[in-house]
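Counting convention: from 1, in listed order, for ligands and their atoms alike. Numbering starts at 1 and runs along the sequence shown.
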Amino acid sequence: MKEYNVAVVGATGAVGNEMVDTLEQRKFPVKNLKLLASARSVGKTLTYKGEGIKIEELKEDSFKGIDIGLFSPGGAVSLKFAPIAAASGCVVIDNTNAFRMDPEVPLVVPEVNEHAIAMYKNKGIIANPNCSTIQMVVVLKPLHDAAKIKRVVVSTYQAVSGTGKKAIYELEQQILAIYNNKKIENKVYPYQIAFNVLPHIDAFLENGYTKEEMKMVNETKKIMEDNSIQVTATTVRVPVFYGHSESVNVEFERDLSPDQARKVLKKAPGIKVVDDPSKNKYPLAILAAGKDDTFVGRIRRDESIPHGLNMWIVADNIRKGAALNAVQIAEVLIKKYL
Ligand code: NAP
């Protein structure tokens with residue numbers, strides 16, 4: 001079997017770390033693994049297949065001989081280094097928002113639009129969508145195929161790991177401070193996140209929405225390849241470490257009963273239906289954490305409109321929302337194109 005030289009860029013971060021584990025767990029055919037981060041991390045090591053690999057500083061000449069680059073170093077760093085990597089023949093799979101809405105760059109969730117990966121030839125870059133969008137479209141796509149979606153109203157309950165390792169630390173420290181009666185510090189979020197709920201993810205825009213909310217609107221249309229789907233979102237940060245939860249209301253053109261929807265979803269890739277209210281069975285962040293599937297439950301009719309369903313969708317934002325989706329793209333890439 002052919003093996004590939006792989007670089008993980010932002011390897012010391014929440015997503016990068018998970019990418020290294022995901023490559024190992026899914027037995028990706030890695031010849032050499034290069035781990036890149038900022039100068040701050042030089043000297044640190046990460047374990048891959050039982051061996052310590054030293055972190056190297058990301059530089060312009062880091063990509064010689066690299067076939068695939070899994071990037072999650074933040075938007076500004078990707079914007080600069082992804083084209084440099086691509087110019088040296090490396091195919092970049094980028095987790096940041098730097099290239100997602102570039103019409104020449106495919107934005108891919110393999111269960112939804114695997115075929116778009118072919119477009120990587122345009123710029124040598126494939127974009128990984130925003131975490132809250134990925135788990136939603138995995139569920140929306142089979143439902144759209146069954147009854148054509150007109151409109152989606154989503155409210156999210158997003159884990160702090162979505163903001164990276166500093167936010168995980170901030171929630172831990174605030175919980176400890178509260179229990180020890182110490183002063184609570186907040187550096188990552190504008191307010192205390194422990195035992196609180198913040199209706200604010202990413203920067204506010206002129207239209208009153210946040211960037212995260214508009215990512216869900218615009219990325220959904222691009223991935224589903226259907227600009228007619230109307231989406232409106234409210235994105236909310238909650239004091240959960242791993243796993244984003246979403247309340248999703250979907251209006252369809254044709255009727256789709258909850259039973260029909262469950263049947264469709266049970267057959268769809270990457271989805272687990274957990275929906276038995278009589279036994280208190282529904283998706284939970286703590287059960288989704290560390291898992292590959294996107295979980296869906298609480299499927300019921302929206303009785304206020306002719307053809308509508310409500311549902312609850314949960315997935316591990318670091319796995320399916322980031323690292324796993326990127327590695328799945330890499331798997332298709334080597335199977336079909338490299
Ligand atoms: P994180 O935990 O803060 O990690 C950031 C990573 O980027 C670290 O490895 C950091 O290295 C590296 N980095 C920062 N500045 C750098 C520079 N100048 N040169 C090289 N490396 C640099 O953040 P994260 O949660 O992993 O997220 C990273 C990116 O992925 C963000 O753009 C985020 O929006 C996106 N994303 C995150 C999620 C999620 O659920 N967390 C999901 C999808 C997409 P040092 O350790 O050396 O500072």
Side-chain angles (χ1 to χ4, degrees), residues 7-22 34-46 53-63 69-82 84-85 92-100 107-109 126-137 156-172 187-189 201-203 210-212 215-216 219 223 235 237-238 240-246 285 288-290 314-329:
V8 176
V9 184
T12 51
V15 174
N17 233 306
E18 191 71 28
M19 280 176 173
V20 175
D21 289 348
T22 307
K34 193 171 199 175
L35 302 182
L36 300 162
S38 78
R40 295 178 289 271
S41 297
V42 174
K44 288 185 191 161
T45 56
L46 281 180
I53 301 183
K54 285 201 172 116
I55 306 289
E56 297 174 45
E57 183 183 353
L58 172 65
K59 289 188 180 150
E60 298 199 1
D61 64 357
S62 295
F63 299 96
L70 301 175
F71 274 57
S72 62
V77 181
S78 281
L79 209 52
K80 175 176 175 198
F81 283 93
I84 292 172
V92 172
I93 301 169
D94 182 47
N95 268 267
T96 77
N97 64 2
F99 302 97
R100 288 180 189 151
L107 182 65
V108 179
V109 177
I126 301 165
N128 211 56
N130 177 46
C131 42
S132 42
T133 308
I134 292 179
Q135 67 184 68
M136 184 170 80
V137 296
T156 69
Y157 304 68
Q158 296 182 223
V160 295
S161 55
T163 321
K165 59 185 176 183
K166 286 188 185 135
I168 299 171
Y169 182 75
E170 182 151 305
L171 176 57
E172 277 168 4
K187 291 183 185 147
V188 176
Y189 298 117
I201 299 185
D202 209 332
T210 63
K211 274 192 185 170
E212 184 83 354
K215 282 180 221 165
M216 293 194 80
E219 292 181 21
I223 301 160
T235 56
R237 189 73 65 193
V238 294
V240 165
F241 283 106
Y242 296 97
H244 289 351
S245 305
E246 297 175 347
V314 183
D316 185 326
N317 52 298
I318 300 286
R319 279 188 81 85
K320 184 57 190 165
L324 171 66
N325 197 70
V327 173
Q328 284 177 307
I329 292 171

Colleague: For ligand 1, which atoms, with element, lie under 4.0 Å from some heavy atom of Gly321?
Modeller: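 So the answer, numbered in order with elements, is 42 (C), 43 (C).
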Colleague: Looking only at protein heavy atoms, which one is nearest to atom 38 (C) of ligand 1, and what is the separation?
Modeller: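 Result for atom 38 (C) of ligand 1: Val15 CG2, 3.5 Å.
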Colleague: Excluding sequence neighbours, so at least two apart, what forms salt bridge (charged side-chain N to carboxylate O under 4.0 Å, His left out) with Glu219?
Modeller: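 Salt bridge (charged side-chain N to carboxylate O under 4.0 Å, His left out) check on Glu219 returns Arg100.
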Colleague: Minimum distance, heavy atoms only, to atom 41 (N) of ligand 1: which one of Gly164, Ser161, Ala14 is it?
Modeller: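 Looking at heavy atoms only, the winner is Ser161.
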Colleague: Using distance alone, determine whether Arg100 and ligand 1 share an N or O pair under 3.5 Å.
Modeller: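 No; every N/O pair is 3.5 Å or more apart.
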Colleague: Rounded to the nearest 0.5 Å, what's the gap from CD1 on Ile84 to OG on Ser62? Could you check?
Modeller: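 Rounded to the nearest 0.5 Å, the CD1-OG separation comes to 9.0 Å.
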Colleague: Is it the case that Thr12 and Asn17 place a side-chain donor and acceptor less than 3.5 Å from each other?
Modeller: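 No.
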Colleague: Find all atoms of ligand 1 within a distance of less than 4.0 Å from any non-hydrogen atom belonging to Ala322, and give their numbers and elements.
Modeller: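 Heavy-atom distances to Ala322 below 4.0 Å select 42 (C), 43 (C).
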Colleague: Provide the number and element of each atom of ligand 1 under 4.0 Å from a heavy atom of Thr96.
Modeller: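 In order of number, 32 (O).
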Colleague: One pair to check against side-chain contact (heavy atoms from CB on, under 4.5 Å): Lys320 and Gln135. What are the steps and the verdict?
Modeller: CA-CA 7 Å; Lys320 184 57 190 165; Gln135 67 184 68; 5.5 Å; no
Colleague: Can you tell me how far the CD atom of Glu56 sits from the OG atom of Ser41, to the nearest 0.5 Å?
Modeller: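 Atom-to-atom, Glu56:CD and Ser41:OG are 12.5 Å apart.
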Colleague: Do Phe63 and Phe71 have ring centres separated by under 6.0 Å?
Modeller: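 Yes.
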Colleague: What protein heavy atom lies closest to atom 12 (C) of ligand 1? Include the residue and the distance to one decimal.
Modeller: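 Sorting protein heavy atoms by distance from atom 12 (C) of ligand 1 puts Gly10 CA, 3.9 Å first.
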Colleague: Donor-acceptor check, side chain of Glu170 to backbone of Lys187, threshold 3.5 angstrom: yes or no?
Modeller: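 Yes, the answer is positive, given that a donor and an acceptor are paired below the 3.5 Å cut-off.
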Colleague: What protein heavy atom sits nearest atom 7 (O) of ligand 1, and how far off is it?
Modeller: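 The answer is Pro73 CA, 3.2 Å.
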Colleague: Run down the list Gly74, Ser38, Gly13 and name the one with the heavy atom closest to atom 31 (C) of ligand 1.
Modeller: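 Nearest heavy atom to atom 31 (C) of ligand 1 lies in Gly74.
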Colleague: Is there a heavy atom of Arg40 sitting under 4.0 angstrom from any atom of ligand 1?
Modeller: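 Yes, that is the case, since the closest heavy atom of the residue is under 4.0 Å from the ligand.
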Colleague: Tell me which one of Ala167, Ala11, Gly162 gets a heavy atom nearest to atom 39 (C) of ligand 1.
Modeller: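 Answer by nearest heavy atom: Gly162.
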Colleague: For atom 9 (O) of ligand 1, is there a protein heavy atom at a distance under 4.0 Å?
Modeller: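 Protein heavy atom within 4.0 Å of atom 9 (O) of ligand 1: present.
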Colleague: Ile318 heavy atoms, cut-off 4.0 Å: which ligand 1 atoms fall inside?
Modeller: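 Selected atoms, number and element: 39 (C), 40 (O), 41 (N).
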Colleague: If we count only non-hydrogen protein atoms and require a distance under 4.0 Å, does atom 14 (C) of ligand 1 qualify as touching the protein?
Modeller: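 Under 4.0 Å from atom 14 (C) of ligand 1, at least one protein heavy atom found.
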Colleague: Is a donor on one side and an acceptor on the other found under 3.5 Å between the side chain of Ser161 and the backbone of Phe241?
Modeller: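 Checking the backbone N and O of Phe241 against the side chain of Ser161, a donor-acceptor pair under 3.5 Å is found.
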Colleague: Number the atoms of ligand 1 from 1 as they appear, then name those within less than 4.0 Å of a heavy atom of Leu58, with their elements.
Modeller: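 Ligand 1 atoms under the 4.0 Å threshold to Leu58: 19 (N), 20 (C).
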Colleague: Classify the contact between Ala39 and ligand 1 as side chain, backbone, both or neither, using a heavy-atom distance cut-off of under 4.0 Å.
Modeller: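 Ala39 to ligand 1: no contact under 4.0 Å from either part.
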Colleague: Could you tell me, atom by atom, which parts of ligand 1 come under 4.0 Å of a heavy atom of Ser41?
Modeller: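 Listed by number with element, the hits are 45 (P), 46 (O), 47 (O).
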Colleague: Counting heavy atoms only, which of Asn130, Asn95, Thr163 is nearest atom 44 (C) of ligand 1?
Modeller: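 Result: the heavy atom closest to atom 44 (C) of ligand 1 is in Asn95.
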Colleague: Side chains of Ser132 and Glu212: do they bring a donor and an acceptor to under 3.5 Å?
Modeller: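 There is such a pair between these side chains.
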Colleague: Pull out every atom of ligand 1 sitting under 4.0 Å from any heavy atom of Thr12, numbered as shown with elements.
Modeller: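 Taking each heavy atom of Thr12 in turn, ligand 1 has 8 (C), 9 (O), 10 (C), 11 (O), 45 (P), 46 (O), 47 (O) under 4.0 Å.
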Colleague: Does Lys80 come within less than 4.0 Å of Glu60, counting only side-chain N to carboxylate O?
Modeller: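 A salt bridge links Lys80 with Glu60.
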Colleague: Kindly indicate, with the supporting measurements, whether the criterion side-chain contact (heavy atoms from CB on, under 4.5 Å) is fulfilled by Thr22 and Arg319.
Modeller: CA-CA 8 Å; Thr22 307; Arg319 279 188 81 85; 4.1 Å; yes
Colleague: Looking only at protein heavy atoms, which one is nearest to atom 6 (C) of ligand 1, and how far off is it?
Modeller: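 The closest one turns out to be Ser72 O, 3.7 Å.
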Colleague: Going by the order shown, which atoms of ligand 1 are within less than 4.0 Å of some heavy atom of Val77?
Modeller: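 Close to Val77: 16 (C), 17 (C), 18 (N), 19 (N).
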Colleague: Is there a side-chain contact (heavy atoms from CB on, under 4.5 Å) between Ser38 and Leu58? Walk through the geometry before answering.
Modeller: CA-CA 6 Å; Ser38 78; Leu58 172 65; over 6 Å; no
Colleague: Under a 3.5 Å threshold, yes or no: a donor from one side chain and an acceptor from the other, between Ser78 and Asp94?
Modeller: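 The answer is yes; a qualifying pair exists.
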